[in-house]
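To keep things clear, I will list the structure first and then write my remarks on it.
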Amino acid sequence: MNEMTSAPHLTARRKPKIGLALGGGAARGWAHIGALEVLIEAGYAPEVIAGTSIGAVVGGCYAAGKLPELTAFATGLTKRRVVGLMDFHIGGAGLISGGRLKRLLEEHLDGARIEELDQRFVAIATELGTGHEIWLTHGPLIQALRASYALPGIFDPVKLGGRWLMDGALVNPVPVTAARALGADVVVCVNLNNDLAGRGTVIQNYASDPDPESETDTVVPELEVRPSPRWFDGISHAAKRVRNLVGRPGENRPGLAGVMIDAFNITQDRISRSRLAGDPPDVMIGPRLGRVGLFDFHRAEETIELGRQAATRVLDEIAAVVAANHIPAG
């Protein structure tokens, strides 16, 4: 009888609180949707979400109960629609003002505040100038998301509370630390750069001889002198910005945004390695995204499926970690 009455006390343990850290990676971030879907279906719905850049967007929409709407939007994107969302402007701190994306977010998230979400949520941003890592844990959700994905040179920075903020991936690309700090007992992360083979190797003996066919690329053509501005000059300049952003057909050279984002992601990859080594997650989900380009937002169905596959591969590992971390009740 004593053994029977004491058994419930011995087994009274609560399930650990699961935290999910969603990393940055531009269009590859649609993989977060697939990973989240698998975790929810398997009974591991996260109670804590920490997101950086596109990870903040997906995580914020999930916490606000808008993941189905985000999925429908992502899978409905075409190349034409993606270009249509880019409101290029002259004279800002970035190529894109972000107004169209803001209005799109307002259709579903207007009025949502971080502190009122069903799950604990934090969006990571970086302060311009100081380099401070800013954890946005309360206030309007849309503003936090915009600050977290404000990629330098592409989007204008966002001013919140007297601070100019930009993409959080500059300082914390996969925010495992933030998920733990918000109370997660078990942290699962999605690292979008995990499958980029060949990153970070050292080539120790390489010649600086230029390619013969590229020598003319450095020649700067003379500027055309015009007597006075013409009415279509503004349109012409905007068109040149678009061509420089996406690259020119037939040329074996990257566009402006391609250079900027790839440089950004190389830095992000190095920072991720360092931070994850210092504070590793309990389980890492690493989608195989090497063939998905940073601007391939129109490939959402494929990318979401890659996220689902990656999460499915680690379900047994998650189950083992959760079982080992059950916490005594009371």
Side-chain angles (χ1 to χ4, degrees), residues 18-42 44-77 101 105 108-109 117 119-124 141 144-146 148-149 151 167-169 172-176 178-179 182 184 187-196 265 268-269 272 276 281-315 318:
I18 296 175
L20 186 61
L22 300 177
R28 297 182 181 123
W30 295 143
H32 290 319
I33 296 175
L36 256 170
E37 290 174 346
V38 168
L39 293 178
I40 294 167
E41 293 165 4
Y44 302 120
E47 298 177 64
V48 174
I49 300 282
T52 293
S53 196
I54 186 67
V57 174
V58 176
C61 287
Y62 164 72
K66 300 294 183 178
L67 190 62
E69 288 82 354
L70 179 65
T71 304
F73 163 74
T75 54
L77 284 175
L101 287 173
L105 290 171
H108 300 289
L109 301 176
L117 300 175
Q119 288 81 20
R120 295 208 66 184
F121 175 75
V122 56
I124 309 300
L141 177 60
L145 302 186
R146 292 183 64 226
S148 188
Y149 70 64
L151 188 67
D167 201 307
N172 199 347
V174 188
V176 172
L182 264 63
V187 176
V188 178
C189 84
V190 182
N191 184 1
L192 301 176
N193 295 308
N194 182 68
D195 191 45
L196 301 184
N265 276 278
Q268 175 179 298
D269 176 60
S272 295
L276 291 175
D282 296 288
V283 179
M284 180 185 292
I285 298 174
R288 294 167 181 168
L289 300 168
R291 290 178 292 179
V292 178
L294 295 169
F295 284 148
D296 287 346
F297 289 98
H298 60 285
R299 296 172 62 184
E301 290 189 6
E302 174 189 354
T303 309
I304 290 171
E305 177 57 28
L306 291 172
R308 290 187 62 88
Q309 293 173 8
T312 301
R313 287 194 294 270
V314 299
L315 282 180
I318 294 174

Has [X] got a side-chain atom pairing as donor or acceptor with [Y]'s backbone, closer than 3.5 angstrom?
{"X": "R120", "Y": "L182", "answer": "yes"}
{"X": "H32", "Y": "G23", "answer": "yes"}
{"X": "S148", "Y": "S53", "answer": "yes"}

Quiz prompt | D167 side, atom CG; N172 side, atom CG - distance, nearest 0.5 Å | solution = 11.0 Å
Can you name the closest pair of heavy atoms from [X] and [Y] and give their distance?
{"X": "L315", "Y": "A42", "value": "CD2-CB, 3.8 Å"}
{"X": "L109", "Y": "C61", "value": "CD1-SG, 4.1 Å"}
{"X": "L294", "Y": "G25", "value": "CD2-O, 3.9 Å"}
{"X": "F121", "Y": "A63", "value": "CB-CB, 4.4 Å"}

Non-neighbouring partners of [X] that pass side chain to side chain donor-acceptor pair (under 3.5 Å), sequence neighbours left out:
{"X": "E301", "result": "none"}
{"X": "T52", "result": "none"}
{"X": "N191", "result": "none"}

Do [X] and [Y] make a side-chain contact, defined as non-hydrogen atoms from C-beta onward lying under 4.5 Å apart?
{"X": "N193", "Y": "R28", "result": "yes"}
{"X": "V190", "Y": "L192", "result": "yes"}
{"X": "V188", "Y": "V314", "result": "no"}
{"X": "L39", "Y": "I318", "result": "yes"}

Self-check item: Non-neighbouring partners of A178 that pass side-chain contact (heavy atoms from CB on, under 4.5 Å), sequence neighbours left out
Solution: A50, V122, I124, W135, P175
Quiz item: Partners of R299 by side-chain contact (heavy atoms from CB on, under 4.5 Å), sequence neighbours excluded?
Solution: V292, D296, E302, T303
Self-check item: With E47 via salt bridge (charged side-chain N to carboxylate O under 4.0 Å, His left out) - residues at least two apart
Solution: none
Per-pair distances, 0.1 Å, donor-acceptor, side chain in residues 65-75, under 3.5 Å, sequence neighbours excluded:
{"unit_1": "T71", "atom_1": "OG1", "unit_2": "L67", "atom_2": "O", "d": "2.9"}
{"unit_1": "T75", "atom_1": "OG1", "unit_2": "T71", "atom_2": "O", "d": "2.9"}
{"unit_1": "T75", "atom_1": "OG1", "unit_2": "A72", "atom_2": "O", "d": "3.3"}

Quiz item: Which salt bridge (Lys or Arg N to Asp or Glu O under 4.0 Å) pairs, counting each pair once, include a residue from residues 282-294, with sequence neighbours left out?
Solution: R180-D282
Quiz item: Which pairs pass salt bridge (Lys or Arg N to Asp or Glu O under 4.0 Å) with one or both residues in residues 303-312, sequence neighbours excluded?
Solution: E37-R308, E41-R308
Self-check item: Residues that Y62 engages under ring pair (Phe, Tyr, Trp, His ring centres under 6.0 Å), provided they are two or more places apart
Solution: none
Exercise. Using side-chain contact (heavy atoms from CB on, under 4.5 Å) as the criterion, point out the one residue from L276, V176, V174 that pairs with M284.
Key: L276
Self-check item: side-chain contact (heavy atoms from CB on, under 4.5 Å) between W30 and L77, intermediate numbers included
Solution: CA-CA 12 Å; W30 295 143; L77 284 175; 4.0 Å; yes
